[in-house]
Amino acid sequence: MSSVIERQNPADGHHRNAGALGRDGSVDMDRILHRETHSSRATAACIAAVLVILLSLYALLEAAVRAIGQPPWLIEPQTAAERIIALPNGMPPLLLGVIGAVVAAAGLFFFLSAILPGRRAKHLLDMPRVAVVVDDEVIASSLARRARLAANVTPEQVMVVVSQRQAIVNVRPTSGVPVSENAVREAVEDELRSMAPVPVPAVRVNLAETGVIGA
């Protein structure tokens, strides 16, 4: 799949970054393209907000129960604080390890969500008048076709994986029919030059040691 957005160049020749629309109503292409090529952190933010809200409501409930002289709903806040301070005393090592692993995994999830760029499996094609955002699968399909023609093999003998920085071309040649690795690489690189994705992935060609019989 791909998205095509018409470029609108402002009078000064630069894109505005204040919002999706500039003050004069022009479209902020940088922000739109960033949204198309980067995943949103809204999910992680909502999860963190829900956890904080639930923890706050529980603490408020326990404080209210204690204020009216009723027994705690689950555990008294003071008792919970004392047990946390006393850790790891009074807790089985296995349970302590499980809780620690869960907390560490949750912390790592939120930490990586905050610092990683969160790029989607998409590339921007460099075109002067329109901004085209293409899925990496579409690019891989096009590269596989060129690699298949250069290697003179069937579609089942070529597999291409495209990431943000690399395009890996795996070719299984037909037994007895030599395949030029350089020819395949040049064909794939030529296809990339014609597509002009941003950023341009580096090409790596892998030729299988065993060929396909009767292909």
Side-chain angles (χ1 to χ4, degrees), residues 1-10 13-15 17 20 27-44 108-109 111-215:
M1 296 196 48
S2 61
S3 301
V4 181
I5 306 170
E6 184 178 359
R7 293 185 184 272
Q8 297 184 8
N9 297 322
H14 298 282
H15 298 311
N17 296 313
V27 178
D28 185 352
M29 293 302 301
D30 290 341
R31 181 156 188 163
I32 294 176
L33 294 177
H34 187 274
R35 289 178 177 177
E36 288 286 334
T37 55
H38 291 72
S39 59
S40 174
R41 293 182 172 87
T43 301
L108 183 62
F109 168 75
F111 177 74
L112 294 179
S113 298
I115 65 172
L116 292 180
R119 287 186 175 272
R120 296 179 179 177
K122 295 182 178 182
H123 273 78
L124 172 66
L125 302 189
D126 188 13
M127 295 185 178
R129 296 188 60 84
V130 295
V132 182
V133 180
V134 182
D135 288 347
D136 288 349
E137 294 180 358
V138 177
I139 299 177
S141 177
S142 180
L143 299 182
R145 180 184 60 83
R146 285 296 300 272
R148 174 177 61 84
L149 295 175
N152 193 25
V153 296
T154 62
E156 292 77 14
Q157 293 173 250
V158 178
M159 184 181 68
V160 179
V161 179
V162 176
S163 62
Q164 194 67 23
R165 299 289 180 180
Q166 195 172 46
I168 302 176
V169 183
N170 300 305
V171 181
R172 291 192 64 189
T174 303
S175 297
V177 179
V179 174
S180 173
E181 180 177 334
N182 291 332
V184 174
R185 180 181 292 104
E186 290 176 359
V188 173
E189 289 177 347
D190 180 69
E191 182 71 12
L192 283 175
R193 282 192 294 269
S194 64
M195 298 177 68
V198 180
V200 179
V203 178
R204 192 179 78 186
V205 178
N206 298 325
L207 294 181
E209 297 180 358
T210 58
V212 177
I213 300 176

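In this text the structure is predicted, and so the values were computed from the model without any measurement.
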Q: With sequence neighbours excluded, tell me which residues meet side chain to side chain contact (heavy atoms under 4.5 Å, CB included) with P199.
A: H123, Q164, R165
Q | Heavy-atom side-chain proximity of D136 to S163 below 4.5 angstrom | A | no
Q | Contacts of E181 that satisfy salt bridge (Lys or Arg N to Asp or Glu O under 4.0 Å) - sequence neighbours left out | A | R185
Q: Specify the closest pair of heavy atoms between P178 and G176, including all atoms of both residues, with the distance to one decimal.
A: CD-O, 3.6 Å
Identify every side-chain donor-acceptor pair in residues 200-212 under 3.5 Å, counting partners at least two apart or on other chains, and give the distances.
residue	atom	partner	partner atom	Å
N206	ND2	N170	OD1	3.0

Q. In Å, rounded to the nearest 0.5 Å, how long is the span from CZ of R172 to CD of E156?
A. 11.5 Å
Under 3.5 Å donor-acceptor pairs involving side-chain atoms of residues 139-151, not counting sequence neighbours:
residue	atom	partner	partner atom	Å
S142	OG	E191	OE2	2.6
R146	NH1	D190	OD2	3.3
R146	NH1	E191	OE1	2.9
R146	NH2	D190	OD2	3.3

